[in-house]
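Written below as structure tokens is the structure these notes are about.
Atoms within each ligand, like the ligands themselves, are counted from 1 in listed order.
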Amino acid sequence: MLQLEGVSLSYGSFRALDGIRLHAKAGELVVLLGANGAGKSSIFLTASGLHKPAAGSIRLEGQEIAGARPAQIVARGLVQCPEGRKLFPQMSVQKNLMLGSYVHRRDGTGNRQRLDEVLELFPILAQKKNDPAGSLSGGQQQMVAIGRALMGRPRVLMLDEPSLGLAPLVVKQVFDVLKKINAAGTTVLLAEQNAHAALKIAHRAYVIERGRIVLEGSPETLMNNDAVRKAYIGA
Ligand SMILES: Nc1ncnc2c1ncn2[C@@H]1O[C@H](COP(=O)(O)OP(=O)(O)O)[C@@H](O)[C@H]1O
Ligand SMILES: [Mg+2]
């Protein structure tokens with residue numbers, strides 16, 4: 001479904017990604033674990049077309065997308081929910097959601113239908129659809145960010161640390177929703193530092209350190225890996 005091979009990225013003379021090779025099969029929920037600064041966001045920004053890789057191939061359903069324009073990549077079905085949510089706090093919840101449908105702007109009927117589906121998935125957002133997004137709680141704002149990404153009609157959804165800054169109970173709610181989205185057929189790639197919660201819902205996971213994939217395996221394998229436990233689980 002999504003396949004990165006030999007992807008490298010530099011910021012000036014700094015090599016942030018070095019030969020990244022990873023994939024997500026159709027229907028999989030794949031977790032990308034890594035500490036702050038490991039390169040998780042760089043992978044997503046490169047796959048989204050916001051950074052240009054120095055080398056490598058990025059294929060979405062077999063088609064090369066490395067170097068394609070961001071809007072084109074969204075239109076093909078690879079959609080990112082960015083780190084830090086990036087909402088417009090003054091704008092209403094509904095308007096924030098609709099921004100995600102920009103690449104499908106010619107399909108008003110489809111977008112209204114999609115909005116209904118998103119509001120059904122997040123009943124609290126239906127209640128607050130006319131409120132400014134900035135007035136919602138952190139967890140609700142994360143739901144808006146996820147909902148906005150869904151408005152882009154992803155076949156592959158990349159989520160960049162959606163649990164950041166949320167209380168454990170709220171993290172669980174967010175991850176339950178991701179599980180549901182995945183079960184309904186969307187392939188999910190989830191970048192996290194919260195290994196404990198993320199590995200619980202993952203089918204497969206990678207560990208990234210300093211721009212390189214250092215480990216890949218099942219959630220059980222990684223949970224039982226001493227280095228992983230020490231670095232990300234604290235046990
Ligand atoms: N725009 C940028 N310019 C220069 N260096 C950057 C930029 N963005 C990220 N970096 C550096 O690249 C490395 C990987 O960052 P990032 O992909 O944001 O990691 P993560 O998302 O895993 O925390 C870090 O060392 C970070 O400081
Ligand atoms: Mg990041």
I need the contact type for Ala35 against ligand 1. Using non-hydrogen atoms and a strict under-4.0 Å cut-off, is it side chain, backbone, both or neither? backbone
When distances are taken from atom 19 (O) of ligand 1, the protein heavy atom at minimum range is Gly39 N, 3.1 Å
Donor + acceptor pair across side chains of Ser92, Asn130 (<3.5 Å): no
For Ser218, give me all partners under side-chain hydrogen bond (donor to acceptor under 3.5 Å, both in side chains), at least two apart in sequence or on another chain. Glu220, Thr221
Tell me whether the Mg ion (ligand 2) has Glu161 as a neighbour, meaning an N, O or S atom of it below 2.8 Å. no
Ligand 1 to Ser42 polar contact by distance, N or O atoms, under 3.5 Å: yes
All heavy atoms of Leu136 vs all of Val93, minimum pair found to be CD2-CG2, 3.7 Å
Residue of the set Val30, Val156, Leu189 for which side-chain contact (heavy atoms from CB on, under 4.5 Å) holds with Met1: Val156
Nearest protein heavy atom with distance in Å, relative to atom 2 (C) of ligand 1: Tyr11 CD2, 3.5 Å
Which of the atoms in ligand 1, numbered in the order shown and given with their element, are less than 4.0 Å from a heavy-atom of Asn36? 23 (O)
Would you mind checking which non-hydrogen protein atom is closest to atom 18 (O) of ligand 1, with the distance to 0.1 Å? Ser41 CB, 3.7 Å
Ligand 1 and Ala16, any nitrogen or oxygen pair closer than 3.5 angstrom? no
Does either side chain, that of Ser41 or that of Glu83, offer a donor lying less than 3.5 Å from an acceptor on the other one? yes
Can you list the other members of the hydrophobic cluster that holds Leu99, where links are side-chain heavy atoms under 4.5 angstrom apart? Phe88, Met91
Among the N, O or S atoms of Glu83, which one sits nearest to the Mg ion (ligand 2)? OE1
Around atom 24 (C) of ligand 1, find the nearest protein heavy atom and jot down its residue, atom name and distance. Gly37 O, 3.5 Å
Does the residue Gly12 have a heavy-atom contact with ligand 1, meaning some pair of atoms that are separated by less than 4.0 Å? no
Just checking, is any N or O donor in the side chain of His23 or Arg204 under 3.5 Å from an acceptor N or O on the other one? yes
Within-cutoff protein neighbour (heavy atom, under 4.0 Å) for atom 9 (C) of ligand 1: yes
Considering only the protein, which heavy-atom contact is closest to atom 26 (C) of ligand 1, and what is its distance? Phe14 CE2, 4.6 Å
Could you give me the CA-CA distance, side-chain angles and deciding distance for Asp176 and Lys180, then say whether salt bridge (charged side-chain N to carboxylate O under 4.0 Å, His left out) is met? CA-CA 6 Å; Asp176 282 349; Lys180 209 163 153 184; over 6 Å; no
Side-chain ion pair, Asp107 and Arg153, N-O less than 4.0 Å: yes
Between the Mg ion (ligand 2) and Ser41, is there an N, O or S atom separated by less than 2.8 Å? yes
